[in-house]
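Okay, so here's the structure we're looking at.
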Amino acid sequence: MRKIGVFVCHCGTNIAATVDVKAVAEALGHEPGVVVSCEYQYMCSESGQELIKDSIKKHGLTGVVICSCSPRMHENTFRKAAASAGLNPYLVEIANIREQCSWIHKDIASATEKAIILGKAAVAKIHLNTPLTAGESPVAKKALVIGGGIAGIQTALDIAEAGFEVDIVEKKPTIGGKMAQLDKTFPTLDCAACILTPKMVECAQNEKIHIYSYSEVTEVKGFVGSFNVTIKKKARFVDETKCTGCGLCTEKCPMKKVPNEFNMGFDNRSAVYIPFAQAVPKVAVIDPANCMMLKTGKCGVCSKVCTVGAIDYKQQDTYINETYGAIVVATGYDPIDLGKYDEFAYSQSPDVITSLELERLMNAAGPDGGTLLRPSDKKHPHTIVFVQCVGSRCDDSRGKPYCSKICCMYTAKHAMLIREKYPDTDVYVFYIDVRTPGKNFDEFYRRAVEQYNVHYIKGMVGKVEPKADGKLSVQASDLISREQLHIDADLVVLAAAIEPDKTARPLATMLTTQMDTNDFFTEAHPKLRPVESATAGIFLSGACQGPKDIPETVAQASAAASKAIGLLCKNSITCNPCVAHSDELMCNGCSSCEKVCPYGAITYINKEFTMPDRTVALRRVASVNPAVCQGCGACTVACPSGAMDLNGFSNSQIMAEVDAICK
Amino acid sequence: MQVNQKEFEPVIAAFCCNWCSYAGADLSGTNRLSYPSNVKIIRVPCSCRVNPMFILRAFQRGADGVIICGCHPGDCHYTSGNYFTRRRMTLLFSMLDYLGIERDRTRVEWVSAAEGAKFAATMNDFTETVRKLGPNRRLEDLRCRKQ
Amino acid sequence: MQEAMIKRAKELLAEGIVNRVIGWKRGEFAYDSTPAIFETPEELERDFVYDDLTASNLSKYLIKESRKAGKILAFLKPCDTYSLNQLTCEHRVIRENIHVIGIPCDPKIDAEKIKAKGISGILGIKNDGVDLTIDTIYGKESMPVSEAIMEKCLSCKGKKHVTYDELIGEDGELCDSGRFDMVAELEAMTAQERYDFWRSQLSKCIRCNACRNVCPACTCEKCVFDNDASGIANKAAADSFEENMFHIIRAFHVAGRCTDCGECSRVCPQNIPLHMLNRKFIKDINELYGTYQAGEKPDSVSPLTSYTLDDCEASIVHERGTE
Amino acid sequence: MLRISIDRLNELFDAAAEKQTLYIPVDREDGGAEYKKYEKGMKLSRSLNTVRSAKDFFFPQTEDLMEFRVDKKNIEVKDIRSEAEDFVIFGVKACDVRSFSILDKVYLSDPVDSFYKNRRNHGVVISMACTHPAETCFCTAFGIDPLSPEGDAVCRMDNDYLYISALTDKGNAFIEQISHLFEDSSETEEEFGSKYRDIFSRLPLAGLSTDAFGGDKLDEYFNSDKWGELSESCIGCGTCTFVCPTCQCYDIKDFDTGNGIKRFRCWDSCMYSDFTKMAHGNPRLTQLERFRQRFMHKLVYFPACNNGEFGCVGCGRCLARCPVSMNIVKVMKDLEVKK
């Protein structure tokens, strides 16, 4: 028979105001097995915990039920307290009588009745709890960073700095990401390339860092401490070890009509190319879709001109297998496709551009050498209209429900830079709200308005129409003056909402990490564990977790790195003991459980058994790897015989709770 | 036994996954969004932990309605658990319906950790729906009837 | 047919390809037969029987038999081969140890249906394809064959064998026997009518476990209903709830795995149409997740251990339901 | 004998049902027959037998024995026994009537089963002579005369009349209640019987003999190598046991209602793997042993303890219902051959 202690928390008045805590303690004291039942002001306080520990020792408790706030809040606190008093931490159950009782019910009688029932359910469950011991598994001292933008770069550098090996996998031929495409950065207006490229070079030079550029993660197996990752190194048809990045091939390549992605298609590149001057690794890559040699077998110019013989048309995709202790996801963002926004004429007019395109147009390394010219006629635009929130804070299916966060600031930056460089330009910004929380952000925005006379107009642009004279007719409403405005603009810049990179969703499936409906990775706790995913050993860096500007991204990148370092420092890690286990004597070996396991934690072994009839039989039975199992319980329902059960949430425990609640 | 409709207080068992719906329930508490005390929550790691046995068990023991709440499809903490839940519960509920058990006594609802308001609204609605149905008589165990 | 089977079985025994044969043994009466293992040509000559009354599905015996030394010859009717495939898929049989001979099959005669006509004291049954002539201690009786066909054969899936090592006779075609019509009829009733129907049926259950024990999908080492630790063990339905519980859970456990072989209803001593529960799941699966026939392939993935991202929501039950 | 025209059977039932609860066999839609509490207009089944035997009346499949009420930390034990109401079972065939006396030997000998006794005391058995046996019938092998069943009163029915005569005081009292419905008849039991006697000799199992079995045959059969072959097809279900009128084993279970415990008993089957499972495990490990148990019990152990009386009445239900058609007749014939 269990000796159970029940501890009812007042939570100040949070619980005690609507739940008669004394009555709860009294009622639960009568439950079978309960030897002590008491209430206290704050169970989570030091003295509250002492009360629990003392009771465990004094009464020799073999189970503790705490009626308090949500287990998501203090389950760990109480488990630790129990453990320090010598009780197995998994012999603690929480009855949630705050969030799920006192805070939602007003009537004391019914709230108290419900609190008692919830307490009874916890008591019923704890009768069936078993002491659980967390196992240990080793940690591979190497991290993988997926994505080589500023987030991935910063994370990799920090991890390397701590002395651990780290690999970066970047799907593009160079690292650098979106930041490499930016011109200046807010609110300091320093040049993006000037602060990013040294970091890129540092990555290349750091011997702890290995960059897999033009590569993708194709398979992730294993678990925290020991992720087994397959990386596909796409054929670049250039031997990385030989190429010096001299660029001769790119000059001689006869195929020069390929839109240059780096410059958002405003100019062209050759079929063999180096994305940009500061690319890391500075190695050419042949674009197989446009290379004549690869398409038709006729050409071979690059191979002839290459002095080091780096061109290899026969190169194949290669697959690399590596084991990592930790994985940091830094897959970043992309602006949304504006194809559905007909009203802004994005598809119709080359002079309606996105902010990211504007970055390239204004960039000194951009198509026009940093002179802002209209894409259509290469003339200087005199009237520029910025449209905010294109697809952000949107309630229809074309856009995103969230705020993309960075648009207000980069638009202020763009407006300011244009007004600074071309004071003869009229700049209008249409906005819903201007959101400038952040250090020096509001000052920056005010400077744009006050010092640079940018016309900020609260209101939305209804329609942009290209006119015969090459102007863009912008119709908008000014919500403050309640006027309809009509502006003939030369250039319209759309602040497109940003969304997670398209590769994030399949990656999340591989990593078995959680995503929200917008495909942003979900952090383990929105406040307290913002850089960890809920899957142990997977950390989140940068905009893959939510829209972020550069300083925030870098901060999160370093935070993710420090979490990864914390993990890599350990020689082994304790596993979650609330995992599935199979009763081998009952297991049929039917494979149902294996098919529903998202982690591949279940394997089958052939094992000899002495059966109930005393014969010896070789049987196929399921075996759960407790280090891989995350404890979802899908297998327990797939198993018809009930051979598969889950520690901490066993069939009998849940049924005991059901019984207590329904009686 | 005649039960007066007015006096009837349904017993509602709500299975909530730890990561989304249980957190959503917590959030509705944090935001003081009330729902009837008839609803008692059972925490499970994932909605896919809910065995049809548990649902029948609840009805046996006196539940008048059973609701299963999990992460939105695609958002499962364990990536795929709720997809299995969806198939299992669809088929189970269809079977219960086939056996003539009132189909409004069972429900699956996806509630995220951020949807405290949805959680409360769902529970309010479900409780009222079950209240209208009256006591569960078709899938109860007479031995467990309250005396 | 019986002669051809005995002949081939003897050959395989003599060649040493198999060391035993599973088939049907002549019973006490004109209509009964018992699954049996034959090891010698003499036993085959004496007892082996295959006719329009040998209805039982032998697949389940192969779980145990395929684990014994040597290869066993199994005569399987078309519908039995689905069960074997499903068992292979679930690693419950060792397929290599079984030599399957697919045998053709005509609709089986259900002695229960003859008896239900009030015909008693049966000494012999003759089938001329149209009528049955039944020799009884009270004299000769006759009835149309069509009225004596076994329920499971009325909803035949077809005469195609989905797995075999050799065939005797020709392999047949799949057919559509409208096996979901009865389910649809029930679905169209009101909830009260459905409830009354199932209550009247399930209340007959004596929990003898014949349905479960004969079922080729029910192959658990220990059934949850026999396992005191499962929390739902029940040896007898002490309350109407438990009658429902047993049959719902059993149907759920075989959902996506049941090949619709019809053995459950065949053996039910109380004539409960148990196949109508399993068939409901099959119908739902077909309608909601795409047509799926358990056991059709030896490596199929059950619809309950798979999913698609755009599966319907459980609320479909409310949306499509009649009152 | 007294007689009543069969056209007036329902008058008889109506009158009897007025005085006490009356159960009669009725036909079900699915072709089987079952005992039902008589309600006006119900038609007496002409089937040979009900699917379930009549033992349910005295030994129901499940039966509550006692209750435990839990109040705080106290447990109160509640005796839930109450006096059964009077009832009449009408139309019990000779085999089933004999099964009652077999059950009596188990339940009415020390220690007396008070639940069983209570029902037995309040039940009146009106038997019915068999005129239309099935091929599965072999009651005569156990010395039962299907045309002269035991019981409190016995009925005989031909195409015109139902004849009744009392065998016990209870039977007399029953007839007394409704005597106004009957008229005297000169037909004697022997005369009635002689019209049908011949049918029984034509039954395929008419020649079945129990001579080779009995309480002293333990050594001969227990280790027979026939058991392996015989039990091979057995699927371990409880059909034979549950339709059997003489199988009397039960299991005691506790059910937690949430408010207390109901302790009940329910039929058990020696075919089940957990039959007589004890702390150390199960004494019968394989289906062979469990299968053997059932037939040894009926043919050897039971007679050993009951003056040679067999634990089978030859009703033939298991022959008709076994999913694999393995049954006591095959077992008897096969074991005998070995001798």
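Proteins come first, then strands; the chains are lettered A, B, ... in the order of their sequence lines, and each starts at number 1. These numbers were taken from a predicted model, which means no experiment stands behind them.
- Seen from the ring of Tyr307(C), Arg86(B) does not count as a face-on cation partner, given the 6.0 Å and 45° thresholds.
- Residue contact with chain C, scored on non-hydrogen atoms closer than 4.5 Å, is absent for Thr85(B).
- Both the sub-6.0 Å distance and the 45° axial angle are satisfied by Arg207(C) relative to the ring of Phe246(C).
- Looking only at atom types and distance, the side chain of Asn286(C) has no donor-acceptor partner in the side chain of Thr291(C) under 3.5 Å away.
- Neither the backbone nor the side chain of Glu193(C) comes within contact range of chain B; no heavy atom of the residue lies under 4.5 Å from a heavy atom of that chain.
- With chain C as the partner, the residue from Leu139(B), Leu99(B), Ile68(B) showing the most heavy-atom pairs under 4.5 Å is Leu99(B).
- With Tyr82(C) as the aromatic partner, Lys157(C) meets the cation-pi criteria of under 6.0 angstrom to the ring centre and within 45 degrees of the ring axis.
- For the set Ile101(B), Asp141(B), Asn51(B), the entry with the most heavy-atom pairs within less than 4.5 Å of chain C is Asp141(B).
- Using a 4.5 Å cut-off between heavy atoms, Pro52(B) touches chain C through backbone and side chain atoms alike.
- With a 4.5 Å cut-off on non-hydrogen atoms, Asp196(C) does not touch chain B at all.
- Using a 4.5 Å cut-off between heavy atoms, Gln60(B) touches chain C through backbone and side chain atoms alike.
- Cation-pi contact between Arg43(B) and Tyr22(B): present, with separation from the ring centre below 6.0 Å and deviation from the ring axis of at most 45°.
- Heavy atoms closer than 4.5 Å to chain C are found in the side chain of Leu96(B), but not in its backbone.
- Of all the listed residues (Gly256(C), Pro303(C), Ser230(C), Ala251(C)), the one sharing the greatest number of non-hydrogen pairs under 4.5 Å with chain B is Pro303(C).
- When each of Phe84(B), Tyr98(B), Tyr83(B) is scored by its heavy-atom pairs under 4.5 Å with chain C, the top score falls to Tyr98(B).
- When the candidates Leu309(C), Asn244(C), Leu304(C) are compared by the number of heavy-atom contacts under 4.5 Å with chain B, Leu309(C) comes out ahead.
- Put simply, of Leu288(C), Val183(C), Val224(C), the one with the most heavy-atom pairs under 4.5 Å next to chain B is Val183(C).
- No donor-acceptor contact under 3.5 angstrom links the side chains of Ser300(C) and Glu296(C), judged on distance only.
- For Asp311(C), the parts sitting under 4.5 Å from any heavy atom of chain B are the backbone and the side chain alike.
- Under the 3.5 Å distance criterion, with hydrogens and angles disregarded, no donor-acceptor pair is assigned to the side chains of Thr129(B) and Arg105(B).
- Ranked by heavy-atom pairs under 4.5 Å with chain C, the list Asp104(B), Leu91(B), Val108(B) is led by Leu91(B).
- Taking the six-membered ring for Trp and thresholds of 30 and 60 degrees, Phe281(C) and Phe252(C) have ring planes more than 60 degrees apart, a perpendicular arrangement.
- When each of Arg138(B), Arg137(B), Arg143(B) is tested with Glu140(B) by the rule side chain to side chain donor-acceptor pair (under 3.5 Å), just one qualifies, namely Arg137(B).
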